[in-house]
Each structure stands twice: as C-alpha cells, then as structure tokens.
Colleague: 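My structure is below; once you've seen it, I'll send some questions.
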Amino acid sequence: MFAKIKDVLAGKYPDGTEVRLGGWVVKSRSSGKIVFTVLRDSTGEIQVTTKKGNVCDDALKAADALTLECSVVIDGKVRTDPRAPGGREIVATGLKLIGASPDYPIFGEGHNPEVLLDLRHLHIRSKELVAVMKVKDAVLSACREWFRGHGFYEVTPPIIMSSSCEGGSTLFELKYFEEKAYLSQSAQLYLESLIFGLENVYSITPSFRAEKSRTTRHLAEYWHIEGEMAWTGLYEMIDMLEQLVSFVCNKAAEQCAAEIRLLGGDPDYFLNLKPPFPRITYDEAVKILQADGFEFRWGDDFGTHEERQISMHYDKPLFITEYPLEVKAFYMKDAGNDKVLNVDMIAPKGFGEIIGGSERETDLRLLEERLRKQGEDPAKYGWYLDLRRYGSVPHSGFGMGAERLVRWICNLEHIRDTIPYPRTISRFNP
RNA sequence: GCCGCCAUAACUCAGUUGGUAGAGUGGCUGGCUGUUAACCAGCAUGUCACAGGUUCGAGUCCUGUUGGCGGCGCCA
C-alpha cells in the first residue's frame, strides 16, 4: 500500500507517478509558501516539498507545523530534481499527520552517550543504529544460510542451566522454583550432547556473563553463534571457520554496502575477504611479541595489548592455535607438550577475539583430572562425562560473538551499538 | 575487582582571584515560493547531581555519597 522510499529514489516510479508514503519526519523547514520535509521509512530518506497551491491550506499548515519524528502519510507525485538530496523528491498533494511528536529529545549531533543510552528506545530509530541492525540481520541470516548449506542442524539448547561450563564466578543467578539456577554463558556442553544424534549442529542463542567488564567489546548479554561437529579435528574446523567467516562477511558487504559505508566501514574489504586466513601457533605469536619488544613470558595468556600488537602484522583475521594447557579450559584436548588443541580467531586492526574454539578432550580420565586441578568437582559434570562413556567420537566446536563480528564489519568503536538494548555492568534499562 | 575522568536549561557547553545564572542548539510566535546543519526578528526555560562543611557570601573551595563514562583484568 505504501511505496518504499528506496524504490522511489531508485527510479522505480517514473516522474509524475502518484505515490503514497508512510514515514517519520527527520527534519522540516518552511519558507512560507513552500515546506521541505525529509521523510524517513525503513528503507531510506527522501525530501518532500509541499507548496501553496498544490495542496489545500490545511495541508500546507500541517506541513508547516511538522516536528521531528512525527509520523505522517503523504500523497504526492514523484519528481526528478537535481536540487533534491538523492536526486528525486515527492511533490506533496496531500498530507496527514498520524502521530504528533512534540519536543523530540534527540536532535543534531551533540549528545553524550549517557543521554543516548537513556533514550535508547528512541535512539534506535537513528540512521546509524538502523544501519547496524540491518548489517546484523545480514550476518545472522548468512550464518544460517551457510550452516544449512553445509549439513548443520540448528538446535535450541537451554538457556537456564544448573551449573556452569567454565567456572562459576561469572554466572547470573536466578531463582528456579525452590532452587538456584543460572543463565547460560555457553551452549557448548549441550551442543556436544547433540552431535551424537545430529553430528553437525549449531545454535544462535543469547549468552550471559556476569563479569563486571568495562570495555568496548564486552556485553553482559550477547548473541552467541556456536557450532559443534562430530568426526572433526581442530584443523578441519579451522578450514571450515574461514569459509564461514568469509561467506558471512561477503554476504553482509553485498547486502549492506551503503550501511557499512555510512558507519565508516569498508564494504570492499569484506566483499573481497577470502580464505585462507593466516595461522600461527601460540609459540610463534610469542616470538612476534618478543621481536616487537614486548616483555612477555611463555605460558601467560595474551591480554588486549598483546592481541592488538599481534593482529597489527596481518590484514586478515588471524588464527592462533595451541595455547598453554594451563591457561585454557578443561574440555580442550590435550595436545601433549603442555598445550591444547584450541584456536582463537583475532580480527585485524585491534578488533580482537571474535571466535574461540577447540577440539574437545574425549579421554574421560584426563577430563576428570583437569576438572579436579581447576578445583571443580567432576561429579557435578556427571551427564557431560557420560558423553565420553557412551560412543564418544573425536569432535570440535567453537563460539563466535555475533556482536563482535558486527562491530568489526561496521568498524564501530563500541560493541554496545551492535545490539538494540545493550546490557552492561551499569545499565539494563530501557 | 583495580585505576582514571565527568556531573550547570530539553541537548552541547561557558561561567575569571568566591560577589545578581550565560551562549548556541532544540521548542514556541511572526516573516520569507527551492531549502540542503536554511535564513531573519522576538519569547519561554534552572533543586548548578545529592548531603554536609568553610565563609558576610559557594556553580566556584573542602569532605562524603550517588550516577555515568573511559582504560585494565575476565572473555565471545
């Protein structure tokens, strides 16, 4: 019923075509007998000109009185005009105010993050946040498309769980009838159980971390893209991951080039991103750091500065494999030499870790031993350890942060702008 | 959890050695028939975050509190 602004701007309607648009006022200025209104819908922005003589006096008056973000239905004729931003405009023949918007609190560019976050329910209409949400939509649907095309089943693991996957200090606790329960921070253990029926599975779910993080890459609630594959070793999984990441980046850049550009990103880079991605081991990464003058002791995990420094040597995402066993989780497969078969994918330019994964340990005794070493009671992992008792197979899995991927693609300073309502240490409202 | 910074109009900020609270933006009123952050004229708007203290007098100095932001750690 409504024409879409994007279609009008693209020339789908010849000059003189009568169209009806529904949208919101981005700005409006009046020169007495002519009113210029910039109208927004979900597809774009277009200038509407309302002139005395073309419309009845009431409609001209209504156009003159439009304020920021009021909603209107406009009838008019398409016209090509070089004076209009975008090259085409609507010459109004009728205008109806649907929802008034007195004193809209967001205007211009000069607002502090605090104000915008308090007004998030309104700010999510902004051109920038809308662009990010479109990129995220492209990313999530490309993920599903890739998985479906490669023999994966989408599964729906639980969000409420009785205990954690790696340590208990970072879990949100909740009341579960008469007992304590926790919000999931990873679907991994459940995904591992699902490979025995489906072999290749993935899930896209919220994950929750109660860590009191104050950084530009952490959220307390984020969307976790996780996969688990039977009969798959670490290096086969890495082959797969670079395919997945390339496909998703290509698709997002193809569908959302204008949005990425608006946000200051480079769609051409993501359109042309292709495997293979560079791969180095932890040992090699340590040598890079030492050559760059970092005082870094073998055996420590990389911090933000180390990660950034290493990634500066590459212009593609970088896989770093085989970290020291001591700094990594109990379920990662022992590679011998005090290392595990794990992988981190680090985005270039300091965007940091986007994927963490590993081949999983299948040796029941080793698992129990590692759990005890980390101060955990193996009895609490009863059902998980059962998976090693009944028809265990080699398998690998990974977790990818949807918001981290979107942040990298959109070149955003802060991860909070990759999610409509960011939950952080100091904010869960609106 | 550790370290740092900030708080004055709806928004962004200025406010001198402590002496009557200011500007721009946005809003409202009027003018203008092609604006591109339109322009011109006028109008309205304050618990100076909160609580104490010093002082004849505190937006300004001191103490505490609260809220928020940034960096590190933790990770995706």
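By convention in this document, chain letters (A, B, ...) are assigned in the order of the sequence lines, proteins followed by strands, and residues within each chain are numbered from 1. Being a predicted model, the structure only gives us computed values, none of them experimental.
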Colleague: Report the C-alpha separation of A:H218 and A:I415 in whole Å, then their side-chain angles, then the decisive distance to 0.1 Å, and conclude whether the side-chain contact (heavy atoms from CB on, under 4.5 Å) test is met.
Modeller: CA-CA 7 Å; A:H218 287 87; A:I415 198 168; 5.8 Å; no
Colleague: Pick base, sugar-phosphate or nothing for A:I106, based on heavy-atom distances below 4.0 Å to the nucleic acid.
Modeller: nothing
Colleague: C1' atom, B:rG27 versus B:rU12: distance in rounded Å?
Modeller: 16 Å
Colleague: Quick check: A:Y331 with A:Y384 (ring centres under 6.0 Å apart)?
Modeller: no
Colleague: Could you check whether atom CD of A:E326 has more than 12 heavy atoms from other residues, nucleotides or ligands sitting under 6.0 Å from it?
Modeller: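 No, CD of A:E326 has 12 or fewer neighbouring heavy atoms, counting only those of other groups under 6.0 Å.
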Colleague: Could you identify which residues of residues 213-224 of chain A place a heavy atom less than 4.0 Å from some atom of RNA chain B, listed by residue number, or say none?
Modeller: A:S213, A:R214, A:T215, A:T216, A:R217, A:H218, A:L219, A:Y222, A:H224
Colleague: Quick one: is A:S426 getting a side-chain N or O under 4.0 Å of the B:rC69 phosphate, OP1 or OP2?
Modeller: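 So the side-chain polar atoms of A:S426 do come within 4.0 Å of the phosphate oxygens OP1 or OP2 of B:rC69, strictly under.
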Colleague: Mind running a 4.0 Å heavy-atom check of residues 288-305 of chain A against RNA chain B and sending the residues that fall below it, in number order?
Modeller: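 Within this stretch, A:G303, A:T304, A:H305 sit under 4.0 Å of the strand.
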Colleague: Using a distance-only criterion (donor-acceptor N/O pair, under 3.5 Å, no hydrogens), is the base of B:rG73 paired with the side chain of A:K212?
Modeller: no
Colleague: Answer yes or no: is there a side-chain heavy-atom contact under 4.5 Å between A:H313 and A:I288?
Modeller: yes
Colleague: For A:Y153, is the OH atom crowded, meaning more than 12 foreign heavy atoms sit under 6.0 Å from it?
Modeller: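 Atom OH in A:Y153 is not crowded, with 12 or fewer foreign heavy atoms closer than 6.0 Å.
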Colleague: Please give me every residue in residues 11-39 of chain A whose heavy atoms get under 4.0 Å of an atom in RNA chain B, ordered by residue number.
Modeller: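 Per residue number, the list reads A:K27, A:R29, A:S30, A:S31, A:G32, A:K33, A:I34, A:F36.
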Colleague: Given that A:K51 and A:G399 both sit by RNA chain B, which one's nearest nucleotide is further toward the 5' end?
Modeller: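 It is A:K51, whose closest nucleotide lies nearer the 5' terminus.
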Colleague: If you measure from the C1' atom in B:rU55 to the same atom in B:rU63, how many Å do you get, rounded?
Modeller: 16 Å
Colleague: Distance-only check: which donor-acceptor pairs under 3.5 Å involve side-chain atoms of residues 123-135 of chain A, not counting sequence neighbours?
Modeller:
from   : atom 1 : to     : atom 2 : distance (Å)
A:R125 : NH1    : A:E69  : OE1    : 3.0
A:S126 : OG     : A:H123 : O      : 3.0
A:S126 : OG     : A:L129 : N      : 3.3
A:K134 : NZ     : A:S42  : O      : 2.8

Colleague: Between B:rU36 and B:rC40, how far apart are the two P atoms, rounded to whole Å?
Modeller: 11 Å
Colleague: For residues A:R217 and A:T304, is any side-chain donor paired with an opposing acceptor at under 3.5 Å?
Modeller: yes
Colleague: List the residues meeting side-chain contact (heavy atoms from CB on, under 4.5 Å) with A:L119, not counting sequence neighbours, and say none if there are none.
Modeller: A:P105, A:I106, A:V115, A:H121, A:L122
Colleague: Is it the case that atom NZ in A:K6 sees more than 12 heavy atoms from other parts of the structure closer than 6.0 Å?
Modeller: no
Colleague: Reckon A:G356 touches a base, only the sugar-phosphate, or nothing at all at heavy-atom distances under 4.0 Å?
Modeller: sugar-phosphate
Colleague: Between B:rA37 and B:rC11, how far apart are the two C1' atoms, rounded to whole Å?
Modeller: 15 Å
Colleague: Below 3.5 Å between N/O atoms, which protein atoms pair up with nucleotides 26-28 of chain B? Just atom names and distances, please.
Modeller:
from   : atom 1 : to     : atom 2 : distance (Å)
B:rG27 : O2'    : A:D103 : OD1    : 3.2

Colleague: Does anything in residues 408-424 of chain A reach RNA chain B, meaning a heavy atom under 4.0 Å, and if so which residues?
Modeller: A:H414, A:R416
Colleague: Output the pairing pattern of RNA chain B as a dot-bracket string, 5' first, Watson-Crick or G-U wobble with both distances under 3.5 Å, | for cross-strand pairs, [ ] for crossing pairs.
Modeller: (((((((..((((.....[..)))).(((((.......))))).....(((((..]....))))))))))))....
Colleague: Are side-chain heavy atoms of A:L95 and A:L66 found at a separation under 4.5 Å?
Modeller: yes
Colleague: I'd like to check A:Y104 versus A:T67 (side-chain heavy atoms, cut-off strictly below 4.5 Å). Are they in contact?
Modeller: no
Colleague: Is there, by distance only and without an angle test, a donor paired with an acceptor across the side chain of A:Q47 and the base of B:rU36 below 3.5 Å?
Modeller: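 Such a pair does not exist between side chain and base.
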Colleague: Any chance the side chains of A:Y202 and A:E226 put a donor and an acceptor closer than 3.5 Å?
Modeller: no
Colleague: Rounded to the nearest Å, what distance is computed from the CG atom of residue A:D118 to the C1' atom of nucleotide B:rA49?
Modeller: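 Rounded to the whole Å, the gap is 13 Å.
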Colleague: Under the side-chain contact (heavy atoms from CB on, under 4.5 Å) rule, collect the residues that match up with A:E199, sequence neighbours excluded.
Modeller: A:A230, A:W231
Colleague: Taking CE from A:M332 and P from B:rC75, how many angstroms apart are they, rounded to a whole number?
Modeller: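 Nearest whole value for this atom pair: 9 Å.
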Colleague: Figure out the CD1/P separation between A:I425 and B:rC69, and round it to whole Å.
Modeller: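 The answer, rounded to whole Å, is 10 Å.
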Colleague: Provide the distance between the two P atoms, one in B:rC56 and one in B:rG18, to the nearest whole Å.
Modeller: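 Here B:rC56 and B:rG18 have their P atoms 15 Å from each other.
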Colleague: How close or far is atom P of B:rG67 from atom CG of A:N429, stated in whole angstroms?
Modeller: 14 Å
Colleague: List in numerical order all residues of residues 78-88 of chain A for which some heavy atom is under 4.0 Å away from an atom belonging to RNA chain B.
Modeller: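 Within residues 78-88 of chain A, the residues near RNA chain B are A:R79, A:D81, A:R83, A:A84, A:P85.
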Colleague: For A:D344 and B:rC74, give me the distance from atom CG to atom C1', rounded to whole Å.
Modeller: 13 Å
Colleague: According to the salt bridge (charged side-chain N to carboxylate O under 4.0 Å, His left out) rule, which pairs have a member within residues 14-25 of chain A, sequence neighbours left out?
Modeller: A:R20-A:D75
Colleague: Taking the C1' atom in each of B:rC6 and B:rU45, what is the distance between them to the nearest angstrom?
Modeller: 25 Å
Colleague: So which pairs with a foot in residues 413-424 of chain A pass salt bridge (charged side-chain N to carboxylate O under 4.0 Å, His left out), sequence neighbours left out?
Modeller: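 Found A:R120-A:D417.
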Colleague: Which word best sums up how the rings of A:H150 and A:W146 line up, parallel for under 30°, tilted for 30 to 60°, or perpendicular for over 60°?
Modeller: parallel
Colleague: Measure from the side-chain heavy atoms of A:K52 and tell me the nearest of B:rU33, B:rA76, B:rC69.
Modeller: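 Closest nucleotide to the A:K52 side chain: B:rU33.
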Colleague: Any luck finding a side-chain donor-acceptor pair between A:T281 and A:D283 under 3.5 Å?
Modeller: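 The criterion, which ignores hydrogens and geometry beyond distance, is not satisfied for A:D283 and A:T281.
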Colleague: So A:I90 and A:R79, do their side chains get closer than 4.5 Å, heavy atoms only?
Modeller: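 SC-SC contact between A:R79 and A:I90 ruled out.
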Colleague: Roughly how far apart, to the nearest Å, are B:rG19 and B:rU60 at atom P?
Modeller: 11 Å
Colleague: Which of these, A:R279, A:K316, A:K274, sits in a side chain to side chain donor-acceptor pair (under 3.5 Å) with A:E242?
Modeller: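 Testing A:E242 for a side chain to side chain donor-acceptor pair (under 3.5 Å) against A:R279, A:K316, A:K274 leaves exactly one candidate, A:R279.
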Colleague: Under a 3.5 Å threshold, yes or no: a donor from one side chain and an acceptor from the other, between A:R360 and A:T362?
Modeller: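 No, no side-chain donor-acceptor pair sits under 3.5 Å.
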Colleague: When the P atoms of B:rG26 and B:rA38 are compared, how many Å lie between them, rounded to an integer?
Modeller: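 Roughly 8 Å separates the two P atoms.
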Colleague: Can you find a side chain N or O atom of A:N112 that sits less than 4.0 Å from OP1 or OP2 on B:rC13?
Modeller: yes
Colleague: Using side-chain contact (heavy atoms from CB on, under 4.5 Å), reason through A:F330 and A:L367 one step at a time and then give a plain yes or no.
Modeller: CA-CA 7 Å; A:F330 75 94; A:L367 273 176; 3.7 Å; yes
Colleague: Using a 6.0 Å distance limit plus a 45 degree cone around the ring axis, check whether A:K328 lies over the aromatic ring of A:Y323.
Modeller: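 Yes, a cation-pi geometry holds between A:K328 and A:Y323.
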